[in-house]
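Following: one structure in structure tokens, then a few remarks.
Numbering of ligands and ligand atoms starts at 1, following listing order.
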Amino acid sequence: MVDTRPLGRQPGSMRTVNRIVTLTEGFETAMAGVPRGQEIELDLRLEAVMEGVLVTGTVSGNLTAECSRCLDPLSEGLEARFQEMFRYPGDDDDVTAADGEDSGDEDEDYYLEGDLLDLEPVVRDAVVLALPLSPLCGPDCPGLCSECGVKLAEAEPDHGHGDGIDPRWDALRGITEDPGER
Ligand SMILES: [Zn+2]
Ligand SMILES: [Zn+2]
């Protein structure tokens, strides 16, 4: 929650806020996340405008994930930007009622709660969008051996199985090398 009282409601007034927040709830996707208890840093710029408060911000922190190739745990920096309008409560209701048809309701509208901004959903969305879909421990991660599951980065350079022939050919080999009389 960010208090907007120091900002006031005079359109044009502006204020920057820097905050370190400890997450009481993790921001996570299936592949990666910023777990509960982690700290994130918020750099915010609050701008009072006619309809409310425009918040522009950067969130930075550390994400943890599992390498999508070798499944090693990994941790890396995360930074996400966001911009959201928080409307003064009540303001909008009359306008939409008068308008009749409410066009462009795609965007979720955020409202100030008294003088407070609840940034949690906005920050959460920004972080979740910035999380990698296929995290990698390194750009060249060779992953796991498709046959035995050994981590190729730690295996012998010529790690392989048998004579290097794809085992899927074994069945065919059986046919050509049929030990039948000849
Ligand atoms: Zn990896
Ligand atoms: Zn192997």
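Residues Phe86 and Leu54 are members of separate hydrophobic clusters, defined by side-chain heavy-atom contacts under 4.5 angstrom among Ile, Leu, Val, Met, Phe, Trp and Tyr. Two different hydrophobic clusters hold Leu78 and Leu136 under the rule that ILVMFWY side chains link at heavy-atom gaps under 4.5 Å.
Between NE2 of His159 and NE2 of His161, the angle at the Zn ion (ligand 2) works out to 110°, rounded to 10 degrees. For the pair SG of Cys70 and SG of Cys137, the angle whose vertex sits at the Zn ion (ligand 1) is 110° to 10 degrees. Rounding to 10°, one obtains 110° for the angle at the Zn ion (ligand 2) between SG (Cys148) and SG (Cys145).
Checked by atom type, the side-chain pair Ser60/Glu79 shows no donor-acceptor distance below 3.5 Å.
When atom types are taken as modelled, the side chain of Thr4 and the backbone of Asp115 share a donor-acceptor pair closer than 3.5 angstrom.
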